[in-house]
Amino acid sequence: MRCLIVLFACLWVQALPALADRTAYLDLARKGWNYQLRTTMIGRDLSIPVHINGRDLAGASLCLVGERPHANSLEVINAFRDLAAHVFGKPVTMRYAGGEAALCGSGRTVVLRLYSGHPPNQALSADLSWMNGIYDLGLPARRFFVATSPAMAQTFFGRRGQGTHIMVKQPRPGQVGGLERSFYRSILVEELFQSFTFGMDILLFDRAAAFQSKLQERPMVLDRLPWESRDFMRALLRSNPAGLCAFDLFMMHAVAEAPVDQTVEPAFIEYIDREYDALLRRAEETMADGRFAPLVAPGCQRAPG
């Protein structure tokens with residue numbers, strides 16, 4: 001569900017196999033990071049330069065707007081902040097700014113709007129209009145934006161820097177059952193992971209294949225199902241892993257350490273190939289850290305065979 005726009009415990013821990021399939025990891029890395037930039041933004045300014053490096057958000061502040069985070073959301077957010085600080089070596093500060101993104105201020109800030117119920121499209125449009133003014137994104141004037149999925153992450157590139165906006169549906173106030181807990185955690189983990197690494201969705205058409213990455217998604221037609229319906233939640237949870245896999249942690253370390261200017265260039269894959277064993281060891285150590293248990297997908301730890 002990543003939209004990249006140009007203008008733009010016991011922890012289910014098992015030791016990673018000593019001889020993981022390097023070729024499979026490299027193939028996944030290419031699919032998720034060596035992509036062609038694309039956009040469906042009609043009327044955008046094509047002259048704005050673009051620079052993509054997954055480290056760009058290392059140490060960025062996280063500004064929450066809209067609803068205050070549900071306990072389920074807060075657990076995921078804090079675990080991800082710990083993970084990002086562990087991998088990138090820079091703390092991710094967080095604050096709740098209220099109802100408007102404009103209250104977040106400028107700087108290296110990721111806006112995370114949380115909501116329950118119907119998507120707040122008016123607020124989404126106001127958020128992006130404010131970002132347009134701050135970063136000179138070249139967005140079409142007076143454009144009204146509409147949520148097309150319960151979780152969306154958009155990174156925009158402008159003449160005065162880049163801005164990332166995430167909008168994720170969360171549980172309504174109160175306790176949630178197991179299905180709801182898994183669903184809302186899954187969509188929040190995905191948007192945070194993709195925003196902080198610039199990994200793109202990887203379509204998986206083989207329905208018998210095991211998932212190896214949170215980026216993988218089996219195509220499903222869910223247009224007729226309400227987002228709060230149990231059928232929708234079950235279907236979406238079947239479409240990709242409920243949390244991060246070993247590969248995803250492997251790639252976070254690669255993004256953090258690769259001496260490349262952009263992580264969408266072939267040199268990034270060459271670095272992964274060269275440092276594969278060291279990166280795999282770091283992924284294993286990170287997987288074993290109990291702080292990150294809320295982010296990990298049971299049954300999705302093994303390297304591909």
Is any side-chain heavy atom of [X] less than 4.5 Å from a side-chain heavy atom of [Y]?
X	Y	result
Y271	L279	yes
L74	Q170	no
L83	L244	yes

Which pairs pass salt bridge (Lys or Arg N to Asp or Glu O under 4.0 Å) with one or both residues in residues 101-125, sequence neighbours excluded? R113-D127
Count I, L, V, M, F, W, Y as connected when their side-chain heavy atoms are under 4.5 Å apart, and connections chain through other members. Are L236 and V176 then in the same cluster?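 No.
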With hydrophobic residues grouped by side-chain heavy-atom distances under 4.5 Å, do I187 and M220 end up in a single group? yes
What residues form a salt bridge (Lys or Arg N to Asp or Glu O under 4.0 Å) with E228, not counting sequence neighbours?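 Once residues adjacent in sequence are excluded, the partners of E228 under the salt bridge (Lys or Arg N to Asp or Glu O under 4.0 Å) criterion are K169, R172.
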The criterion is salt bridge (Lys or Arg N to Asp or Glu O under 4.0 Å); which residues satisfy it with E67, sequence neighbours excluded? none
Decide if the gap between the ring center of Y135 and the ring center of F156 is smaller than 6.0 angstrom. no
Would you please indicate if the ring centroids of F80 and F196 are separated by under 6.0 Å? yes
Mind checking the CZ-OG1 spacing from R291 to T286? Nearest 0.5 Å is all I need. 8.5 Å
What's the spacing between E190 CD and K214 NZ if we round to 0.5 Å?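 Taking CD in E190 and NZ in K214, the distance rounds to 5.0 Å.
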Return each pair, listed once, that meets disulfide (SG to SG under 2.5 Å) where at least one residue sits in residues 119-200; pairs must be two or more places apart or across chains.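 Found none.
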Under a 4.0 Å threshold between the charged nitrogen and the carboxylate oxygen, would K31 count as salt-bridged to D27?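 Answer for the salt bridge query: yes.
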Whether [X] side chain and [Y] backbone form a donor-acceptor pair below 3.5 Å:
X	Y	answer
S186	S182	no
R218	R207	yes
N240	L215	no
S129	S125	no
Q216	I202	no

Provide the full list of side-chain hydrogen bond (donor to acceptor under 3.5 Å, both in side chains) pairs with a residue in residues 50-59, sequence neighbours left out, each pair given once.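 For residues 50-59: H51-D261.
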Which residues end up grouped with F144 if you chain together Ile, Leu, Val, Met, Phe, Trp and Tyr wherever their side-chain heavy atoms are less than 4.5 Å apart?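 V146, listed by chain and number.
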Are R230 and F183 in a cation-pi contact, defined as NZ or CZ under 6.0 Å from the six-membered ring centre and within 45° of the axis? no
For the residue pair H86 and F292, categorise the inter-ring angle as parallel (less than 30°), tilted (30 to 60°) or perpendicular (more than 60°).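 H86 vs F292 ring planes: tilted.
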Take the angle between the ring planes of W227 and F232 and call it parallel below 30°, perpendicular above 60°, tilted in between. tilted
Give me the one residue out of L112, T109, V110 that meets side chain to side chain contact (heavy atoms under 4.5 Å, CB included) with C63.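 Considering L112, T109, V110, a side chain to side chain contact (heavy atoms under 4.5 Å, CB included) with C63 is found only for T109.
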R95 atom CZ, neighbour heavy-atom count above 12 within 6.0 Å: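 Yes - once you tally the heavy atoms of other residues, nucleotides and ligands closer than 6.0 Å, there are more than 12.
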Step by step, work out the side-chain contact (heavy atoms from CB on, under 4.5 Å) result for E265 and I52. CA-CA 9 Å; E265 60 187 26; I52 296 179; over 6 Å; no
Between T93 and S61, do the side chains contain an N or O donor and an N or O acceptor separated by less than 3.5 Å?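 Per modelled atom types, T93 and S61 side chains form a pair under 3.5 Å.
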